[in-house]
Amino acid sequence: MSHRRRLDPLLALAGGLALWIGAACFSERAAGPAAGPAECRVPVALIDSTHVLVAIRDFAFHADSIRIPVGAIVTWVNCEDPGTEPHTTTSDAALWDSPDLAPGERFSRAFTVAGVYPYHCTPHPFMHGKIVVQ
Ligand SMILES: [Cu+2]
């Protein structure tokens, strides 16, 4: 698994713990609209080496900076409590722009070209994140 070795060591470290938490978040979402915020209180969930979860929680992206291999998919999940204002994930360079994501909703994008991809939340410009694809 050569692509796994390219991952940031910190990400790899978090991966083991985050794996089942991320899976729980996803399966719960699949079962109904009541996403469990407790399951979402994880900095980053590495579902596998090519699919990474970024949780949106407390008006911030967790983790706000991630490093992924070329071809990986990033899924942002709004893990705020029900009733919280929606968020977006919006590329600073207008490469992608999610619709408003209510708590429990998610948005995915594949990153097929190496580079640095800063993004923000449109309703809350103080919310910033960065995807490093290498
Ligand atoms: Cu926001």
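We count ligands from 1, going down the list as the structure has it; atoms in each ligand are counted the same way. Scope of the values below: all heavy atoms of this structure, side chains included, with no hydrogens, waters or symmetry mates. All residue numbers in this chain count up from 1 along the given sequence.
Of all protein N/O/S atoms, those lying under 2.8 Å from the Cu ion (ligand 1) come to 4.
Of the options T89, V116, I66, a side chain to side chain contact (heavy atoms under 4.5 Å, CB included) to I131 is made by I66 and by none of the others.
The six-membered or imidazole ring of H120 lies away from that of F126, with a centre-to-centre distance of 6.0 Å or more.
Residue E85 holds its CD atom at 3.5 Å from NE2 of H124, rounded to the nearest 0.5 Å.
Both tests do not hold together for R109 against F107: distance to the six-membered ring centre under 6.0 Å, angle to the ring axis within 45°.
Residues satisfying the side chain to side chain contact (heavy atoms under 4.5 Å, CB included) criterion with S91, sequence neighbours excluded, are A93, L95, W96.
Using a 4.5 Å heavy-atom cutoff, the side chains of I73 and S108 are in contact.
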